[in-house]
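Right, one structure below, let's go through it.
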Amino acid sequence: MTWLGAVPALAGEHGAAHVDALLLAAFDGVPADFVCTHVDRSGPVAVTTLSAHVPGEVDVDRLAEALGGPVVVLDDSGTPAARAARAGRDRADGRCVRFPGQSALTGTHPAAEVVAVSAIDRVVGIGVEVAPTDPVRTLGFLRPVCRDGELLLLVEPAVGGVLRPAEAESPHECCGGH
Amino acid sequence: MSHDHHHDHTHEHHHEEVEGSWRDAQDDRPLSVARRRFLAGLGAAGVATTLGAAPAHAHDDRPATPVNPWGGRGCWFAGDHHIHTKYSNDAQYEVTQQVAKAREHGLDWVVITDHGGVAHQKFSIDQVAPDIERARKSHRDVLVYQGLEWNIPGAEHATVFLPPGRSTVDILRAFEAAYDGGVLSTPVANGGKGLITRSTSADGEPYALAALRYLESQVLAGRTEIALMFANHPARRGVDSPHEFRGWRDAAPGVAVGMEGAPGHQAGGIPAANGGRGAARGLYDASPNQDSFPGYAPTATENPYRTYGGFDWMTAKVGGLWDSLLAEGRPWWVTATSDSHRVHLDTHKQGTGDHNTTGSRGAPIDTGVPQVESDYWPGFYSSTLVGADSKSYVDVMRGMQGGKVVAVHGRIIDGLNLRVRSLGEGDNRGVTIGGRTFVRRGHDVEVVIEVDLARGANFAGVVPRLAKVDLVAGPITGPATDRDALSAPGTTVVKSFEVARTARGTVRFTHTFRRVEGAFYLRLRGSDGNRLTSDGHPVMDVIGDADPWADLWFYANPVFVDVI
């Protein structure tokens with residue numbers, strides 16, 4: 001059982017969901033149950049880093065190769081990878097791309113169920129109160145965020161009197177080639 | 001659209017005192033005392049050193065010369081500084097089509113702003129320039145500016161444009177080659193410079209400052225009379241950090257003068273059930289990414305990545321980012337544009353040209369079938385009203401540079417006449433929108449607002465009804481010590497004026513700031529009242545459920561009041 005941090009090499013400027021898919025593909029065969037992306041701003045250019053909780057065995061070298069960048073086991077060092085591992089463990093920040101219960105939340109579920117069946121601690125409405133019975137239309141894509149030790153699902157009002165996650169799977173890509 | 005003005009006023013007078021606020025001389029809280037002392041001592045003089053070359057706003061001494069002096073009812077020229085054509089990879093129309101549509105929808109001026117990038121710089125500029133020349137000849141009553149939608153290195157997009165001149169195309173071409181974020185981030189092997197990591201990554205920020213200084217140097221060298229930059233869809237991806245706005249403004253205050261208060265793509269939120277795309281109004285549906293400013297975070301109270309009443313969060317939030325810039329006592333203006341790429345329910349689709357290798361999509365193809373899209377024609381929904389001395393290329397740009405600008409949606413108003421003046425010692429003539437006036441400490445400042453209500457139907461076929469006008473004001477607190485400050489806690493709605501249901505023509509409101517003790521600024525916004533929070537603010541637009549015609553706002557640019 002361990003927390004890993006990594007600085008994956010990301011191909012190009014793709015949408016977040018596309019990057020998530022690439023990252024999770026690198027975890028094929030790795031029994032990670034909690035994977036987050038973080039943004040490391042310690043350098044001149046922001047870098048997306050990653051943390052993962054792996055309850056079982058993991059071949060760190062193989063994972064590093066798949067991610068195209070360094071993977072470290074949790075330590076106290078000041079590297080971006082280590083910072084990511086600690087941020088994931090502490091749920092200090094980051095956006096969660098894999099978490100326990102995620103696969104059970106692909107349809108429309110009452111807010112209370114979202115919390116009951118998954119690692120999500122709270123469903124937080126943006127500008128609205130969320131009642132336990134309020135339906136959350138997940139659209140099969142949930143990216144709760146870590147804040148101050150909690151895993152929060154931010155939701156906002158959507159068509160048809162339901163709530164939808166604030167992060168969409170395919171937001172508008174501005175073209176112009178960039 | 002130019003507006004003629006009738007004087008069938010409905011008179012509604014309001015006189016209010018403001019007590020218990022920062023303007024209150026009786027307020028002896030240490031912060032207020034210090035602030036008043038600071039403003040008395042430094043105020044605009046301290047600001048002057050960094051104002052640089054902004055001729056309309058330079059203050060070399062105090063008391064300031066009034067800027068934008070009130071001169072009766074001026075002329076508004078409606079326009080749009082953000083329009084795409086087939087020379088953008090994601091757009092489709094001929095320049096003449098867009099100009100003809102703009103004219104049909106009442107616009108006096110337009111800026112053609114295709115996306116910057118390697119292909120545009122290499123192939124599109126030489127094609128769009130003669131197209132623009134032809135459009136000027138075939139539509140002599142519309143000012144057609146050549147511009148660029150610049151990928152600001154390290155940030156979002158921006159409109160950059162110049163008046164027609166011998167060097168206009170050369171300047172734009174050199175600018176794009178040297179400073180477009182797309183060009184800078186594209187690897188050398190693909191024709192770019194390969195100098196920055198991503199178009200939006202922070203290593204691009206110094207290039208943005210150099211770019212704006214370059215434009216200003218072209219003005220100073222006399223190669224162009226004026227050059228302007230407006231940041232487009234500023235909060236859409238959260239990549240325009242507060243310090244970047246301040247950096248642009250300070251690097252070239254005569255060039256970098258504002259931002260889209262409202263983005264284009266306003267049809268994006270029309271519900272699918274009503275034949276719309278069911279996307280986000282403004283196509284504002286993003287979440288933070290690695291280049292987003294971390295202070296722009298969705299929380300239980302707000303989502304900076306959404307529009308509010310169709311306006312960008314930075315503008316729509318009272319006491320938010322825009323106000324934090326204005327509270328410095330420095331100009332920063334807001335506009336409204338169409339960002340027209342592909343028009344909702346128009347029958348054209350994109351041509352088949354290879355933009356990468358030719359710089360053009362080629363002629364659009366008329367399918368004969370209305371297409372479901374997110375944009376409106378220029379002038380159809382969004383207007384930037386500019387007060388100018390004449391309908392000429394340079395005068396309209398000077399009007400924009402000077403902040404005589406009102407951003408209007410769906411013809412919620414036809415015009416606005418604002419006069420802010422000292423009732424005691426000071427500037428008794430007063431100034432208008434975008435201006436700067438002064439008053440003797442302790443004396444009164446009068447605000448007279450005349451709103452020209454819509455005299456006819458908008459392009460949804462409805463005569464819109466203005467329900468209220470908000471007077472927003474806040475203290476000028478001087479240059480921000482925290483360059484990433486994004487709030488102005490002292491700025492509030494000080495008065496809301498209701499517009500009578502029966503009002504027609506021009507409605508008039510007045511408000512007096514009594515015994516003014518410190519420098520402040522004020523601005524106006526108005527709404528059709530259809531979608532308001534309990535405290536009268538715009539509501540966050542719901543993705544897939546935002547009929548833009550049912551939620552109309554205008555935002556006027558500020559007036560600064562110095563105290564002597």
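The model shown is predicted, which means the values in this text are computed figures rather than measured ones. Each chain gets a letter, A, B and so on, in the order the sequences are listed, and its residues count up from 1.
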Which atoms of [X] are under 4.5 Å from chain B, going by heavy atoms: the side chain, the backbone, both sets, or neither?
X      : value
A/R147 : side chain
A/S170 : backbone
A/V145 : neither
A/V159 : both
A/P44  : backbone
A/R143 : neither

*Has the side chain of B/R306 got a donor or acceptor atom that lies under 3.5 Å from a matching backbone atom of A/A166?*
yes

Indicate yes or no for a side-chain donor-acceptor contact from B/N303 to the backbone of A/I126 under 3.5 Å, with no hydrogens or angles considered.
no

dist B/Y305:OH -> A/E167:CD (nearest 0.5 Å) comes out at 10.5 Å

Rounding to 0.5 Å, atoms NE2 (A/H172) and CZ (B/R277) come to a distance of 7.5 Å

Contact class of [X] relative to chain A, heavy atoms under 4.5 angstrom:
X      : value
B/S292 : backbone
B/P271 : neither
B/P294 : both
B/T299 : both

When every non-hydrogen atom of B/D285 is compared with those of A/A168, the smallest separation belongs to O-CB, 4.4 Å

* Verify the neighbour count for atom CG of B/D535: are there more than 12 heavy atoms of other residues, nucleotides or ligands below 6.0 Å? => yes

Chain A shares the most heavy-atom pairs under 4.5 Å, among B/I196, B/V539, B/I543, B/D545, with B/I543

Below 4.5 Å, heavy atoms only, C-beta onward: do B/Q290 and A/D40 meet side chain to side chain? no

Note, A/V45 side chain near B/R198 side chain (heavy atom, < 4.5 Å): yes

Listed by number, the residues in residues 60-88 of chain A that come under 4.5 Å of chain B (heavy atom to heavy atom) are none

